[in-house]
Amino acid sequence: MSTQVAYKQVFGWPESLKKNPTHYCPGCGHSIAHRLVAECLDELGIREKTIGVPPVGCAVLAYNYFNFDMVEAPHGRAMAVATGIKRVHPDKFVLTYQGDGDLAAIGTAETIHAGNRGERISAIFINNAIYGMTGGQMAPTTVLGQEATTAPGGRDPRLHGSPIDISRMLAVCDGVVYAERCSLTSVKNIRKAKKAIMKSFRCQLDDLGFSIVELLSPCPTNWKMPPKDAWAWINNEMVKTYPLGVIKDITGYEEAK
Amino acid sequence: MSTQVAYKQVFGWPESLKKNPTHYCPGCGHSIAHRLVAECLDELGIREKTIGVPPVGCAVLAYNYFNFDMVEAPHGRAMAVATGIKRVHPDKFVLTYQGDGDLAAIGTAETIHAGNRGERISAIFINNAIYGMTGGQMAPTTVLGQEATTAPGGRDPRLHGSPIDISRMLAVCDGVVYAERCSLTSVKNIRKAKKAIMKSFRCQLDDLGFSIVELLSPCPTNWKMPPKDAWAWINNEMVKTYPLGVIKDITGYEEAK
Amino acid sequence: MASEKVLMRGSDVVGEAAVRAGCRYYFGYPITPQNELPEYLSKRIVELGGTFIQGESEIASINMVLGASAAGGRVMTSSSSPGIALKQEGISYMAGMELPAVVVNMMRGGPGLGNIAPSAADYFQATRGGGNGDYRTPVLAPTGCQELVEMTFLAFDLADKYRTPVMLLGDGLMGQVMEPVVFPDPLDPDSLPKKDWILDGCEGREPRTIFSMYLGQQGELYQHNLRLQEKYDRITENEKRWETIQTDDADIVIVAYGTAARIAESAMEELRSEGSAVGIFRPITLWPFPLPALRDVATKAKKVAVFELSLGQMVEDVILSVGERAEIYFYGIPGGLIPTPADVVEFIHSAVRGDEKVGRRIEV
Amino acid sequence: MASEKVLMRGSDVVGEAAVRAGCRYYFGYPITPQNELPEYLSKRIVELGGTFIQGESEIASINMVLGASAAGGRVMTSSSSPGIALKQEGISYMAGMELPAVVVNMMRGGPGLGNIAPSAADYFQATRGGGNGDYRTPVLAPTGCQELVEMTFLAFDLADKYRTPVMLLGDGLMGQVMEPVVFPDPLDPDSLPKKDWILDGCEGREPRTIFSMYLGQQGELYQHNLRLQEKYDRITENEKRWETIQTDDADIVIVAYGTAARIAESAMEELRSEGSAVGIFRPITLWPFPLPALRDVATKAKKVAVFELSLGQMVEDVILSVGERAEIYFYGIPGGLIPTPADVVEFIHSAVRGDEKVGRRIEV
Amino acid sequence: MITRTIFAGFGGQGVLLMGYVLSHGALHKGLNVTYFPSYGAEMRGGTANCTVTLSDKKIASPVASRPDVVVAMNGPSLEKFEPTVVENGLVFLNASLINEKPGRSDLQVIPVPVVELAQEAGSARGGNMVMIGAVCAKTGMLSLDETVEGMKAALKGKAKFFDQNRKAIERGFTFIEEGK
Amino acid sequence: MITRTIFAGFGGQGVLLMGYVLSHGALHKGLNVTYFPSYGAEMRGGTANCTVTLSDKKIASPVASRPDVVVAMNGPSLEKFEPTVVENGLVFLNASLINEKPGRSDLQVIPVPVVELAQEAGSARGGNMVMIGAVCAKTGMLSLDETVEGMKAALKGKAKFFDQNRKAIERGFTFIEEGK
Amino acid sequence: MAETAKRKIKGYIVIDKERCKGCHICIDFCPNQRIEADESLNKKGYFPARFKENIEEGEKGCIGCAQCATVCPEVAIEVYRGK
Amino acid sequence: MAETAKRKIKGYIVIDKERCKGCHICIDFCPNQRIEADESLNKKGYFPARFKENIEEGEKGCIGCAQCATVCPEVAIEVYRGK
Ligand SMILES: Cc1ncc(C[n+]2csc(CCOP(=O)(O)OP(=O)(O)O)c2C)c(N)n1
Ligand SMILES: Cc1ncc(C[n+]2csc(CCOP(=O)(O)OP(=O)(O)O)c2C)c(N)n1
Ligand code: SF4
Ligand code: SF4
Ligand code: SF4
Ligand code: SF4
C-alpha cells in the first residue's frame, strides 16, 4: 500500500472465523465473543481438532461463522451433546457456546451435571440478561428491576424470582476446575475475557476437568438502548449483580502474564 | 389397661399419617421421614390445609400414607407441580417430598428454579445416595467408591462424576431462606431432623421463601446391608461427603430450644 | 360486556379470550412464533390478580399447569412444535390423572428446530397423543382470529367438562395475523361450576389424591383405561365439529384445516370463478375427527382433495373416513414455506383432471 | 465367534447384541422395566473400552446420543414409555439432522406413570413420530429373545444405512423373559463402513456442520423435508418385514405384534387343536407397516382379527391396509394386565361367530 | 373488491406501522381487513414486510402471493417484490433511497421522496407516514381522515405523536394530489 | 409335551432361583424353555413369583394363565395360585410355613417340610434347593444330575455354594423317592 | 400385662406385630434391652420385634423413653409412661 | 492513502464498510478520534464507521493501537501499524 513506511497488520481476521457476515445486531456482544474464541483457537493451533456446539439462541447460526466442525443442539442441551461428542473423541477439543436462557434456564440440569461429571468441555456462557433471539423475554439472569417483555414492570423478586448465578452454583461441583466471569465492554475487559477463554481451553487440553467462562454481553436491541448505553449499563449496573472475576480456580496454573 | 399405675401414651400415631401399612423395606428411612413430617404438621395444626407432592421414587405411594391432599408429579417435577399448586392457593401449605434421583438428577432444573424463584414451598429431600425404587442404580448423590448397579466397580469420579451437593447449590439462590442437612440414624439426629422440618415449615407459614431439609436416609436393600449397618454407614461414611448441619439460614429465627 | 370490534393479533386474541374465559393461571416458556401470547398475558393476567410464570422450561411449565389444575385453577400453557414435543410426558400424565388444561401449539416447521413458517406437521402428535399410553386429547383447529376467540372458550369448557387436557392447534401465521374481532363478555372465574375433585386442603372432608399410577394386581390400570376409553367414546360421540363451504353442489371437495383451509378458501374462490364446482370440508375438531360428516360429503362428491401443511398426516384420517367411497387426492407442503392459493389451484386442477402433476392420488 | 446357546434375559440379550453389533456408546436414564439393559451395559461396554453414561435424565441422554452420533459413534439409548415421551424432541432433531441411533422402548402401561406390566400403547408415538414435524423412524417389533438379537443388529444397520434413529419396541415382558439364544460373531466397530459426514475435527478438510434448522427464504426447509420424504419412501419400499404363521389355509387371521403375537400364537395353537383354521400375520416393522402383504393375506382370509395390547392403535394401520377387503375385528387390552391366550381364544370365537362378545367389529 | 398491499423495507423504517395505519383505517371505515407481518426467520436484523388485505367481503387467505400494491422502502424490497405484483399493479418507491427503477413496464410506479417530504412536514423521521399518505391518496383505499384515524388507532395512547404524523400524512396526500 | 410351572413365595425365599435352576437344567437337557419372573409393581417388598415353561417344541407364550405345577412357598402364594392350576394339577407346599390345605379336591398336593429337610441337609437356608429337588423328582422334569447341572449354571461362578446346594437338592429327591 | 411387671417399670411399649418389618433397629437402640426378636414370622414373612415384658433378675425395666419408637421406621411402637 | 497522511501517522485502519453495522462503538473508543460516522447508508441500511484519513490541525493521527478493532463487534476493522 505504501512504499515509504512499512505497515504490518496488527489486527485482522482470525482463521477460526469464516468470512460470513453475521446476523447479530449492531453493538451485540456475540460477535466479539466469537472473535475471542476464534483467536484463542488460532493461537493454540487447535482449530482443526475442535468441535463446537452452538445454542438455540441468537448464536444458533454460529456454525455459519465459526470455521470448524459444529453440530446444532436442541435448546438447552448443548452440554449433553458436547458430552456425547467428547466421549467419542476424547482427543478432540469440544466447546459449547450458550446464552443464558439456553445454559441457565432450560439447560440447567444439563449444565450442572456436565459440570458435576467434570466433562472435559469448555463452556462459553454469554450472559446478556435477556432472551435475545425470541425477542426480549425475561431470562433467569435478568437483573432486578430490568424490563423484559414478560416482566413488564421490571423483574420483581416476588413475582419472577431473583437473578440466578449459575457460575457460582457450578463452582460447588468438584468436577468444575475453573470458572470466571468477564465482560465484553471495554478494551481491558475484552482482553481479560480472552485470557480467561485461553485458560479455560488449557484446562481441557490438560485434561483437568470442566471449565466455564461467563461473559457479560450487551444486547442493545432487547435492552432498547443504543450500543454505547448498553455497554455502559453492563459496566455500571449489571456488574453489581454479577461481579467480575475468578469464581473458582483449582487449575494450579500460574497467573498468566 | 392397668388399674394401679396410670400410664399415658407418650408416643403414638400422628393424625397426619393414614394407618396403612407402608411398602418400604425393613429399616428404610422413608417411613421415619414420613412420621416426622406428619408430626410437624400435627403440631402446627395445618394438616387440613396441606397439599403434598410425592416424587416418583420409592415414596411414589406416599399419598397412601400421608393423611392430607396429595397429587402425583412426574419423575423430577414435584417442584414445578408444587409451584402450580401454591400459586393457586397461596394460603395453603405446600410441600414436596423427593428422593435424590427425583430432586437432584432429572429434577435439577425444577429444583434450582423453584428455589431461585423463592417459591413458598417446603422441600423434604431424602438423600439415600441411590435409586431405590428402580433397584439400586447410581444416584447423583452416590458417594465415591460406593457400588451401584450402574456403577459396578463403585463410583469413579472420572467415569461417573462426583457426588452432587444440591443443597449447597440451592444456597446460592437468593430465594432460598433455609437449608439444613440432617440424618435419620440416631435418636438425636432424628430429633434434630424434626426440628429442621419444623423450621422449614415455619418459613413457609411466615412467607419467607423457599426452604429445604435434606435427610440422609438409609436404603438397606440397595446398599445390600442389614439395617443396622446401613445406619452406621451413614454415621461413619456418608456424612464425610454430606456433613450435617445448617447450610443456609437467613430466616432470622432465634435458635429453637 | 361484549367488546367492540377491535383489530388484534391472533396471539393476543387467544390471550384475551383466555382471560375472558376465566383463565387466571398461565405457565409457559418462550418460543417463536407464539411469544406474543405469553407477553400479552404477562401483563393482562397479572392485572386481574392471576398468575403468570415464565417457567424455566416447557417441562417445568406443563408441570406447573398440572399442579395448578389439580388445585382447581383454569390454566393454560402455550408453545410451538419442539416445545410441545417436550410437554408430551406431562400431557400424558394429565390425561391419565384427568386434569383439565388448555395447551396451545402454534406450530412451526420441523422436524427439529426447522423454522417458524406455518406448518401443520404436528397433527399426528396432537391427535394420537405424542406421549405414552392410550389417551387422546381433544384438538381444536381454528382458522382466523374470530374463531380463535370461540375455540379458546370452547377449549376451556371441554377441558373442564371432560376433565382432560385440550389442545388448541394453530400456527405462526394464525398467531401473527391481525384481524377485527369481537369478544364475548368476560366470565368471572368464581362463577364457574365448582369442581368437587380438586385439592385445596382436606378441611372438613377426607383427603383427596390425584394420580396416574395404578399398581394393583387386580387390573386397576386396565379398568382405569377402560374408563378413560369410555370418556373418549363420549367425546367422539358428542364433540365433533366441522365446517362445510359450498359442498352441496361440489364435484370435488377440498379437505383442509387451519391455515391451509384459509388458503384453500381463496383457491376455491378462484376455482369457482373459473367455473369449477369446488367445495371445502374443514375439520374443526381434529380429534375427534368428524368422520361421519366427511364420509357423507365425500360419498356425494366422489372426489376429495386433501391439502395439508405437512407431507401427509390428516390424510390418514381422511382415508379412514372415506375409504373407497370417493377418489382421494393428496397434496402436502411441508413446513417452511408460506403456501399460496396458487399452489392449491394447481393441485385441484390436477385432481380434477385426475393426474398427478401436483399432488398424488391415494390408493385405498 | 457365534456363541453357544445361552439362557439369557431379554434386556441382557439386547445389551449383548448391541455390543456385538459394534455399539460402544450408551447413554440412558434408569426406568423400570428395562433397567437390566443399562446395568448390563454399564459393565460390558466399559470392559470393551466404550462409554456408558447414566445421564441425569432421559433428555440429557438422548442429547448425548445426538452428540455421539454426530461424532460418528454407534450409539444407543433405552427407556420405557414416559421416558420415551421425554425423548421426543431429541428424536425429532435427530431425524431432522439425519443422525443414526438406536432407541429402545420397553413399553409399560400408561398413560402417565401407569404401571410396568406389558403394554403396546406407544404404537402411535413410535410409528407416527411423537415429536414435531414430518418425520418417521423405522420401528422394529421383535418377539422373543432370539429375535431381539436379530432386530438389534438390524436396528443398527438400518440406522446407519438410512441415517435415521431407529426404534426397537419391546415391553417389560420381553425384557424380563429368559430364553436360550445364540449370538452371531461380534463385529469390530473399526470394521464398520466409514461415515463421511461425521464431526471429528476438520483436519485436512472443510469444516462440517450438522443441523436441523433451515431459515432460508428460498424454501430450504421445504426442500429438506422433501429429501427426507424421499428417504422415507425408500425405506417404505425396501424395509417392510413381517411373519405369517399358517395363514395359507386360514379363514381368520390374527394380526398382532410383539408380546401380543406370542400370546396369540399360543391361542392359535389351542384354536387349531379345536379345528379352527386360524393364522397369524405379525408385522415386524411397524413403520414401515407391511401394508401390501397384509392386504394380500386379508383379502384371501376374508376375516382379520386385530389383537393389541392397547385400546386400538395398530388397528388403524390394519384398516388402512385392508379397507373393505375383509371383515376386521378388534380386541385390545390396555396396559396394566398380563394378557393370556385364553382372552384371545375368546376373542377369536367371537370374531368367528361374528358377534361382539369379546372385541368388536370395525366398520370401515 | 379486494386489495392486497405489501409494505417492505429495512427493520427501522417503520414499514409495519404503515400496515397498522392502513389496517386500522380500514377497520374504522368498516371494511374487512387482515394484517400479516413477515415474522420471517428466527433471527435478528434484515428486512421487514407486511401484507394488508382490504375487502368488503370475508377475506380468506391473508397471504398475498400476487399483491395489487407494493410499497418498497428500500432496494432489496423492490427487488424481492417487484416480480410478484399483479399485472398493471402499483409500485410505490422510497425515492430518497432507491435509485433503481423496476424492470417491468406494465407497472405503475410512483416514486415518493419520503425523507425530503417528511422534512418539509416537520420531521425527517416521518417518512413512513408520508408514504402511507401517498399510498392512500393514490389508491383511494382510505380518505385523508380515515388515514389519520387509522394512524391514531395504530398509535393508541401515544397522542404526542399524532400531530406530527398527521402533518406527514397530509404531505403524502398533497404530494399525490398536487404532484409535488 | 409342554409343562408350565409357577414358583411363588416371599421375596427372600429364593423362588426366582428355583426357576433359574429348572430353566438352566432344561437348557442342559436340550429342551426349549422360557423363564418369566413377576416383575410386578414398581415397589418394594411383597411376594415374588416366576413361571418356567418347558417344551420339546417352540414355546409361544411364556405366560401361564393355567399352570400345570404350582410351587407355593408361603400362604399368600397358595391362595393366589391355587385357583389357576389345571385340573388334576400338582401343588407343592412349603409345609414348614403353610398350615392351610388347598380347597380343591382335584389337585395332587405335595407338602414338603423344606426348612427341616434343609437343616438335615446341612443348612436351614437351603429350603428352596430342597424344594426344587422335590419338584424335579416328583414331576420327572429333570433328573437329579440335570437338576444339579441347572443349579451350577444358575449360580455360575459361585462354586462355593455348589456342594451345599447339591446336598439340599438330593435331600429333595430322596424326600420324594423315599417319601420322607 | 402382669402385675409384677408393672410394678417394677416406669413405662411399657406396644409393638404392632403385623406392622413391624423386623429391621430390629429398636432392639439396638433400647438402653435397657427391653426388646427382642420374635421367633415366628408375621403374616408378611418378617420376624417382628417383641417387648420383653418379664424382667429378669438384674435387668432394668422399660422407662418409657421412646427411643425405640423414635428410631422405628414403621411407627410400629406405641410408648406409655407411668405418671 | 495519501502520502501526507501517512507520513504523520504510526498506523492506519481499514474498515469493511459493508460488514460494519454502524454501532459506532469504535468511534467512542478511539483515543485519537480517528473514526467518524459515514453519512450514507451501506447496503444493509446502516451508517457505517469511516476512518478519518486526513488529520486536521491539532489532531493526533492513528497510532495503530487496535482499541477500535478490539471493541468492534463485527471484526470490521483491520489495523496496520508502521514499523
Ligand atoms: C425447546 C425450545 N424451547 C424454546 C425455544 C425458543 N428459544 C429459542 S432461543 C431461546 C432463548 C434465547 O435466549 P438466550 O439463551 O439467553 O440466548 P440469546 O438469544 O440471548 O443469545 C428460546 C427460548 C426453542 N427453540 N426450543
Ligand atoms: C421420566 C421417568 N424417568 C424415570 C423413571 C424411573 N424412576 C422411577 S423412580 C426413579 C429414581 C428413584 O430414585 P430416588 O429419586 O433417589 O428415590 P428413592 O427411590 O431412592 O427414594 C426412577 C429413575 C420414571 N418413572 N419416569
Ligand atoms: S437480539 Fe441481542 S443478543 Fe441477539 S443479536 Fe441482537 S443484540 Fe445480540
Ligand atoms: S429400596 Fe431403599 S429407599 Fe426404597 S423402600 Fe427399600 S430401603 Fe427404602
Ligand atoms: S465498531 Fe465495528 S461495527 Fe461498530 S461502527 Fe465501528 S466498525 Fe462499524
Ligand atoms: S488503531 Fe487506535 S488510534 Fe487507530 S483508529 Fe483504531 S483506536 Fe484509533
| said: D/L66 vs A/R77, test: side chain to side chain contact (heavy atoms under 4.5 Å, CB included). Steps then yes/no. | reply: CA-CA 10 Å; D/L66 189 159; A/R77 320 303 176 189; over 6 Å; no
| remark: Comparing A/I85, A/I112, A/N64 against chain D, the one with the most heavy-atom pairs below 4.5 Å turns out to be A/I85
What I'd like to find out is whether the side chain of [X] reaches to under 4.5 Å of the side chain of [Y], using heavy atoms alone.
| X | Y | result |
| --- | --- | --- |
| A/K86 | D/T51 | no |
| D/L215 | A/L61 | yes |
| A/M70 | D/P207 | no |
| D/I53 | A/R117 | yes |
| A/V56 | D/M213 | no |

From [X] [atom1] over to [Y] [atom2], what is the distance, rounded to the nearest 0.5 angstrom?
| X | Y | atom1 | atom2 | value |
| --- | --- | --- | --- | --- |
| A/H75 | D/Y93 | NE2 | OH | 8.5 Å |
| A/H113 | D/Q54 | NE2 | CD | 10.5 Å |
| A/I51 | D/I198 | CD1 | CD1 | 8.5 Å |
| A/I46 | D/E203 | CD1 | CD | 12.5 Å |
| D/M64 | A/M79 | CE | CE | 11.5 Å |

Region of [X] in contact with chain A, defined by heavy-atom distances below 4.5 Å:
| X | answer |
| --- | --- |
| D/T209 | both |
| D/R24 | neither |
| D/S57 | side chain |

Return the minimal non-hydrogen interatomic distance between [X] and [Y], and the atom names on each side.
| X | Y | answer |
| --- | --- | --- |
| A/V71 | D/A70 | CG2-CB, 3.9 Å |
| D/F211 | A/E72 | CB-OE1, 3.1 Å |
| A/D69 | D/C202 | OD1-CB, 3.7 Å |
| A/K92 | D/D200 | NZ-O, 2.7 Å |
| A/H89 | D/A71 | NE2-O, 2.8 Å |
| A/E48 | D/G204 | OE2-N, 3.7 Å |

| query | Just wondering, more than 12 heavy atoms not from A/Q9 lying within 6.0 Å of its CD? | reply | yes
| task | Please indicate whether A/K248 has more than 12 foreign heavy atoms, meaning atoms of other residues, nucleotides or ligands, lying under 6.0 Å from its NZ. | result | yes
